[in-house]
Amino acid sequence: SDYISFDYYTSKLINNITIPFFNTILGSPFRRGLAFALLIELLIFIKKKLNLRLTVPARYFSQEGDSSSDGFFFRKLKKLIGISIPSCRTYEFFKVLLLIVSLISRTTLSIYLTSVNGSIAKAIINREFSKFFKKMMWLGMLSIPGSMLNSFLEFLQRRIAISLRSRLTKYFNSEYIKDMNYYKIANLDSRIPNPEQRLTGDIEKWATSFSICISQYIKPFIDIVLFGKKLADKVGWEGPLLMIGWYVFAGICLKFISPPFASLTSIAQKLEG
């Protein structure tokens, strides 16, 4: 098998090092409770230190509510997504769906390339030079569709950004010129400063950022599922579940001790105008 060496050393690592280490450190319920309490106390201490160093002035928040809060953010995001992708029958939705399929294909290809690399390493160890050269040629041939798929993902991501920007621009421009709203905003209402910049630069920035976020949020989930399934087929579900649980726990800890990046971003945008 191409995964003999990988399976062997992974199983040795999990069974002989990782599991005995945690059993020694957390062998009794008292030790587990003490370690968990110390960890919580450490996180609270770090959080208090960060709060003392960083405070967000209240004057940067609008009177409608905290624009950096999760509820406000997700309500606005849902409304913008509803405008840019109004239904499942639009070209924007089809492009997003095509992007997801392409990301799944890219991860599947990466898994297959891993098996080919394992075959090359096995051929080197066994001194099978003919098999080594065949696998190297096959790996070189696979690099062609891999590079094409990467370029297609980047192209599709930019096309999604352009489509979202076009739909948002048409919607907000129609609302801007309707019922003399442009005159009301410029002369009678000061709640929306620099409306021209919001209709051009901010829309472009949002469309580009949202198209990037689609890939950045979906790709890790696809990688975890497909790579975890492949690893579970070889060494069992204990290792992948332990790894996923560790990532979830680390993410919760980072979320707890991280400074308010949303508030800082909101302040930066307000100061930039």
Side-chain angles (χ1 to χ4, degrees), residues 1-23 25-26 32 35-36 39-40 43 70 73-74 77-78 81 85 88 93-121 139 142-143 145-158 160-161 208-258 261-262:
S1 172
D2 297 335
Y3 289 92
I4 289 178
S5 59
F6 176 76
D7 297 347
Y8 176 77
Y9 289 111
T10 305
S11 300
K12 286 291 185 181
L13 177 64
I14 294 176
N15 297 326
N16 297 337
I17 298 178
T18 307
I19 295 178
F21 173 77
F22 283 104
N23 288 335
I25 300 299
L26 308 174
R32 288 194 292 268
F36 183 75
L39 179 61
I40 296 298
L43 294 177
D70 293 338
F73 171 78
F74 284 111
L77 180 62
K78 181 180 178 181
I81 293 176
I85 309 177
C88 299
F93 181 81
F94 173 75
K95 292 175 183 177
V96 172
L97 187 63
L98 183 60
L99 178 63
I100 296 175
V101 174
S102 301
L103 291 174
I104 295 175
S105 302
R106 184 66 185 90
T107 303
T108 305
L109 182 61
S110 298
I111 295 174
Y112 183 71
L113 288 175
T114 304
S115 66
V116 175
N117 290 327
S119 301
I120 293 174
L139 183 64
L142 289 176
S143 64
S147 60
M148 293 176 61
L149 188 57
N150 289 334
S151 300
F152 179 72
L153 286 172
E154 185 177 356
F155 167 77
L156 194 58
Q157 181 176 300
R158 294 183 179 181
I160 291 174
T208 303
S209 301
F210 183 73
S211 64
I212 294 174
C213 287
I214 294 176
S215 300
Q216 291 183 345
Y217 280 93
I218 295 178
K219 184 66 164 61
F221 177 77
I222 295 174
D223 290 345
I224 290 174
V225 172
L226 296 182
F227 277 101
K229 183 179 182 304
K230 191 67 176 181
L231 186 61
D233 294 338
K234 299 299 179 180
V235 298
W237 282 101
E238 184 179 6
L241 289 178
L242 182 63
M243 178 182 64
I244 294 173
W246 169 253
Y247 282 130
V248 172
F249 177 74
I252 294 174
C253 294
L254 288 176
K255 177 66 176 177
F256 179 75
I257 66 176
S258 296
F261 290 111

Completion exercise
Thr107 meets the side chain to side chain donor-acceptor pair (under 3.5 Å) criterion, sequence neighbours left out, with Asp223
Practice task
Can you sort out the partners of Ser110 under side chain to side chain donor-acceptor pair (under 3.5 Å), two or more places apart, ordered by chain and number?
Solution key: Arg106
Exercise for the section: To the nearest 0.5 angstrom, please state how far the CD1 atom of Ile81 sits from the CZ atom of Phe210. Expected result: 3.5 Å
Handout entry: Those residues that, when tested against Ser215, pass side chain to side chain donor-acceptor pair (under 3.5 Å) (two or more places apart)
Key = Gln157
Practice task
Determine, step by step, whether Leu103 and Phe221 satisfy the side chain to side chain contact (heavy atoms under 4.5 Å, CB included) criterion, reporting the C-alpha distance in whole Å, the side-chain angles of both residues, the deciding distance to 0.1 Å, and the verdict.
Solution key: CA-CA 10 Å; Leu103 291 174; Phe221 177 77; over 6 Å; no
Fill in the blank from the handout: With sequence neighbours left out, the residues meeting side chain to side chain contact (heavy atoms under 4.5 Å, CB included) with Ala232 are Trp237, Pro240
Problem - Distance-minimising heavy-atom pair for Leu98 and Leu156 - result: C-CD2, 3.7 Å
Exercise for the section: Kindly write out the residues that satisfy side chain to side chain contact (heavy atoms under 4.5 Å, CB included) with Thr208, not counting sequence neighbours, or none if the list is empty. Expected result: Ala161, Glu204, Ile212
Completion exercise
Shortest non-hydrogen pair, Ile120 vs Leu139, comes out as CD1-CD2, 3.7 Å
Handout entry: Distance, nearest 0.5 Å, that separates CD1 of Ile214 from CD1 of Ile160
Key = 5.0 Å
Exercise for the section: First locate atom OG of Ser211, then atom CD of Gln216, and finally report the distance between them rounded to the nearest 0.5 Å. Expected result: 9.5 Å
Handout entry: Closest non-hydrogen atom pair, Leu153 against Ser102
Key = CD2-CB, 3.3 Å
Exercise for the section: Heavy atoms only: give me the nearest Ser105-Leu149 pair and the separation to one decimal. Expected result: C-CD2, 3.9 Å
Handout entry: CG on Leu109 to CG on Leu142, rounded to 0.5 Å
Key = 6.5 Å
Handout entry: Distance, nearest 0.5 Å, that separates CG of Leu99 from CZ of Phe155
Key = 12.0 Å
Exercise for the section: With sequence neighbours left out, write down each residue that passes side chain to side chain contact (heavy atoms under 4.5 Å, CB included) with Ser209, or none if nothing qualifies. Expected result: Lys205
